[in-house]
Amino acid sequence: MPMQCWQTSCRWLAVALALLSALAVAADDGMSTERRAMVATVAAMARDFRAGGIDARVLAALERLPRHEFVPAPLRASAYENRPLPVGYGQTISQPYIVAVMTDLLRVGAGDTALEIGTGSGYQAAVLAELGVKVSTIEIVEPLAREAAERLRRLGYGGIATRIGDGYHGWPEQGPFDAIMVTAAASHVPPPLLRQLKTGGRMVIPVGPPFQTQQLMLVEKRADGTLLTRQLMPVVFVPLTGGHD
Ligand code: SAH
């Protein structure tokens with residue numbers, strides 16, 4: 001009967017709608033509002049401090065990434081505040097604004113290769129991977145490196161190559177790289193990293209004394225092989241350790 005059929009379809013429609021909304025809740029990890037607010041803060045800061053702001057692709061990557069999965073459980077409620085947080089072993093996950101700026105400076109996209117020194121939580125490596133970059137990352141603190149590798153695999157970033165060791169020496173077997181990012185403060189730009197940067201490639205690195213203000217430097221390897229180095233902004237990073245130099 002037409003009326004009954006109508007009621008039956010209504011019931012099915014209601015069931016389908018309920019299923020769809022359940023799926024939507026499952027896809028949302030409950031932190032999307034905080035994450036959107038974090039990205040809005042980062043974008044607003046970039047508008048104030050950087051000509052041209054931050055590439056929309058970088059902001060979209062931040063909006064997709066569950067930063068709360070990269071911080072220790074007791075700090076999850078603070079995961080989307082625009083500040084660095086401790087990740088254990090005296091190390092930190094960088095402030096989201098700094099992650100965005102450093103990523104933006106590399107001007108990388110799908111198919112590019114990047115080397116990161118200082119895996120820490122794995123968050124920065126995952127941001128680069130979200131942009132389609134083939135990422136290799138090195139961490140000197142063994143348990144941090146193991147935890148990050150496990151976390152990255154669990155979250156679907158198993159394509160990121162991870163290594164335990166002193167990043168000062170780079171990863172020649174994986175190079176040369178389109179981009180290199182050092183996320184710990186060095187006293188100087190490590191020559192092995194310069195050698196592993198492709199012509200036309202870009203490196204960002206904080207340079208300066210440990211536990212004081214350092215300068216974020218952008219190093220570009222020009223077509224003729226010469227280096228163009230620019231000092232961009234004051235930053236504070238944990239030191240690059242490892243007993244080199
Ligand atoms: N990029 C990280 C945060 C970096 S904190 C993130 O997204 O979470 C800096 C990291 O550099 C620390 O984990 C520290 O242990 C590591 N580190 C310090 N010196 C290093 C070295 N010589 N080689 C590799 N990693 C180093």
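Counting convention: from 1, in listed order, for ligands and their atoms alike. Index from 1, following the sequence.
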Tell me whether D29 is salt-bridged to R35, with the criterion being a basic N under 4.0 Å from an acidic carboxylate O.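 Yes, this pair counts.
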Is the shortest distance from a Lys or Arg side-chain nitrogen in R146 or E139 to a carboxylate oxygen in the other one below 4.0 Å?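 E139 and R146: not salt-bridged.
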Taking the side chain as C-beta and beyond, is there a heavy-atom pair between P206 and M217 under 4.5 Å?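 A side-chain contact under 4.5 Å is absent here.
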Tell me, do M181 and L106 make a side-chain contact under 4.5 Å, heavy atoms counted?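 Counting from C-beta outward, M181 and L106 do come under 4.5 Å.
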For the residue pair E116 / S136, report whether a side-chain donor-acceptor contact shorter than 3.5 Å exists.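 Looking only at side-chain atoms, E116 and S136 do not form any donor-acceptor pair under 3.5 Å.
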Regarding Y123 and E69, is there a side-chain donor-to-acceptor distance under 3.5 Å anywhere?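 Their side chains do not contain a donor-acceptor pair, so the 3.5 Å distance test is not met.
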I'd like the residue list for ligand 1, meaning every protein residue with a non-hydrogen atom under 4.0 Å from the ligand.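 Within 4.0 Å of ligand 1, the protein residues are Q91, T92, I93, E116, I117, G118, T119, G120, S121, G122, Y123, Q124, I138, E139, I140, V141, L144, G165, D166, G167, T183, A184, V238, P239, L240, T241.
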